[in-house]
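One structure below.
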Amino acid sequence: MRKPAGGLWSHPDFLKLWTGQSISELGSQVSQLAIPWLAAVGLHASPIEFSLLGVLGFLPFILFALPAGVWVDRLRRRNILIVGDASRAVLLALIPILWVAGVLQIWHLLVLQFVIGIFTVFFDVAYQSYLPALIEREHLVDGNSKLQLTVSVAQVAGPSMSGGLIAAITAPYAIVADAASFVVSTVFMLRMGHRENLPRQDRAIPRPKMWPQVKEGLHWIVGNRHLRAITACTGTSNFFGSMLWAIFVLYAVRDLHLSSIEVGAVFAVGSLGSIAGALVVNRLQKAIGIGPAIVVPSVLFSMAGLAFPLAPHSFPLPALMAGQLLFGFGSVAYNITQVSFRQAITPERLQGRMNAGVRWIVWGTMPLGMLVGGAIGQTIGLHFALWVSAAGGLPVFLLVLLSPVRSLRDMPAAVTDPPTPAQAELEGGLVEGTPLPGPAAADA
């Protein structure tokens, strides 16, 4: 078969980034199952220890995302990617080494999970911020769709591969595969020829402290009506979605009496929807415009939650699979388009802080949603909690539909870089987000 030519297929540095990311994503699927399995089966973790494993993996995104954004804007992002992958390879390799030495304890896993999470925070923020400097603006949707396609494919193929490895060589040694995947990814990134220029620092202006730079990034997000609407939509959706996912497996097992194979099939259909979303989003954006390509998928994933409380007890699988399919397709198509849009409109020097700030906001709602979902499920009932999640998530798409986002057609041109806080102070002005070009974008 003839290899596609042109565009990103002929961009060697993007292909290296994509290849490395693809291998590490597949490897990460192994650890996502192998580490909890090792804690539960190999180390006989208590329920509280097991729950802490998940909390400590997620906590770094809340604690370190905003500082990570500042450092990503100050340093070369390619170097952060390399250090992030190499460090995670070493940390993961410690698990089988400690196991072979006979000294591995649950507190080792807890500490390693937390530290690995810190490097993941820096890697993820740098990753999203590096792409706009690596490829052309008009290729952002295509680039993000290719990267997201890898994630979706890994989510389909990864669990079965991970389960097979754990069965064949046990969980501690299966983690070696993930460590090796990060080594391979590091090698590909070392071979990338693209070199960033560090942000120019005017010697007449003192280097700003971290907190003012964090506030500048948050101000850019909140001060722009497009970014504000997208962030509000994503964060609200994550809140109500987390309510659902916190209790869905429990509801499926206890109320619907589904087997593990049936629950796995529901999630597999959702992953297929994610793959479909990644494959068609570039054509969708070109056909209907960048704004509608954000709004339409948001309608789909907002409606998807209704399928879960509506699924009949007698035969729930078709409804559950339809809901997962809609959610997988809509959320991935939405994320690819809105991330590409955010990258396109944000000045280069604010990329790290913008991505970190958005992630801090939209992921910060997730633990709250999990707690609320669990509390409602515990006190009133799991089925009622699903209805609260579905009803609360249904109008979420209005946050982008009723905003200027819906009127956008083409990917915006490069924006004028706003002054830094120090420059604005010298000039007697405040830092304001630069408006997008066009009549529908006179905001921020």
Side-chain angles (χ1 to χ4, degrees), residues 128 131-132 137-149 151-152 220-241 273-305 325-346 351 354-355 357-359 361-363 365 393-415 433-444:
Q128 285 191 336
L131 190 64
R137 185 175 306 273
E138 62 267 23
H139 292 145
L140 281 174
V141 173
D142 188 25
N144 280 307
S145 66
K146 284 178 167 58
L147 297 171
Q148 182 60 51
L149 177 62
V151 176
S152 301
W220 171 254
I221 298 166
V222 177
N224 183 292
R225 288 171 63 192
H226 298 84
L227 293 181
R228 187 167 64 240
I230 289 170
T231 304
C233 177
T234 310
T236 308
S237 174
N238 282 350
F239 175 81
F240 288 106
S274 300
I275 293 174
L279 287 173
V280 306
V281 66
N282 198 34
R283 295 179 182 177
L284 180 68
Q285 179 261 323
K286 290 179 179 178
I288 65 176
I290 191 78
I294 292 174
V295 173
V296 171
S298 73
V299 175
L300 296 179
F301 70 66
S302 296
M303 295 173 58
L325 189 68
L326 276 179
F327 183 80
F329 180 91
S331 60
V332 166
Y334 167 86
N335 280 329
I336 289 170
T337 312
Q338 62 94 1
V339 167
S340 303
F341 173 75
R342 283 164 31 204
Q343 292 168 335
I345 70 170
T346 300
Q351 285 284 339
M354 178 275 294
N355 287 313
V358 170
R359 177 155 292 191
I361 294 169
V362 303
W363 283 28
T365 63
L394 185 59
V396 163
F397 70 92
L398 294 175
L399 292 167
V400 286
L401 177 64
L402 301 180
S403 77
V405 171
R406 71 179 185 276
S407 302
L408 295 167
R409 287 296 177 266
D410 300 318
M411 190 67 76
V415 298
T434 306
L436 291 173
D443 62 285

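Predicted, not measured: the structure shown is a model, and the values here were computed from it. Only this structure's heavy atoms are used, side chains among them; waters, hydrogens and symmetry mates stay out.
Between Leu131 and Val339 there is no side-chain heavy-atom pair separated by less than 4.5 Å.
Taking all atoms of both residues into account, the shortest heavy-atom contact from Val141 to Ile336 is O-CG2, 3.7 Å. When all heavy atoms of Thr346 and Trp220 are compared, the pair lying nearest together is OG1-NE1, 3.2 Å. In this structure, Val400 and Val405 approach most closely via the heavy-atom pair O-CB, 4.0 Å. Considering every non-hydrogen atom in both Val332 and Gly277, the closest pair reads CG1-C, 4.2 Å. Tyr334 and Ile230 make their closest contact through OH-O, 3.2 Å (heavy atoms, listed as atom of the first residue, atom of the second, distance).
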Per-pair distances, 0.1 Å, donor-acceptor, side chain in residues 288-305, under 3.5 Å, sequence neighbours excluded:
unit_1	atom_1	unit_2	atom_2	d
Ser298	OG	Val295	O	2.5
Ser302	OG	Ser298	O	2.7
Ser302	OG	Phe397	N	3.3

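Residues that satisfy the salt bridge (Lys or Arg N to Asp or Glu O under 4.0 Å) test with Arg359, not counting sequence neighbours, are Asp124. For Phe327, the ring pair (Phe, Tyr, Trp, His ring centres under 6.0 Å) partners are Trp245, not counting sequence neighbours.
Side chain of Gln351 to main chain of Gln343: a donor-acceptor pair is present (N/O by atom type, distance under 3.5 Å, no hydrogens or angles). Thr365 places a side-chain N or O within donor-acceptor distance of the main-chain N or O of Gly235, the cut-off being under 3.5 Å.
The line from CG of Leu394 to OG of Ser237 is 11.5 Å long, rounded to the nearest 0.5 Å. From Leu399, atom CG reaches atom OG1 of Thr236 across 5.5 Å, with rounding to the nearest 0.5 Å. Expressed to the nearest 0.5 Å, how far CE of Met354 lies from OG1 of Thr231 amounts to 9.0 Å. Annotation: the span from Trp363 atom CH2 to Thr234 atom OG1 amounts to 12.5 Å, rounded to 0.5 Å. Atom CG of Asp410 is separated from atom CD of Gln285 by 8.0 Å, given to the nearest 0.5 angstrom. Remark: Ser145 OG to Asn335 CG distance equals 13.0 Å, nearest 0.5 Å.
Crowding of Arg409 atom CZ: a count of heavy atoms from other residues, nucleotides or ligands under 6.0 Å exceeding 12.
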- request: Check step by step if side-chain contact (heavy atoms from CB on, under 4.5 Å) holds for Val358 and Leu227.
  value: CA-CA 9 Å; Val358 170; Leu227 293 181; 5.9 Å; no

Apply side-chain contact (heavy atoms from CB on, under 4.5 Å) to the pair Leu408 and His226, showing each step before the final yes or no.
-> CA-CA 10 Å; Leu408 295 167; His226 298 84; 3.5 Å; yes

Show the numbers, then the answer: is there a side-chain contact (heavy atoms from CB on, under 4.5 Å) between Val281 and Thr337? CA-CA 7 Å; Val281 66; Thr337 312; 3.2 Å; yes

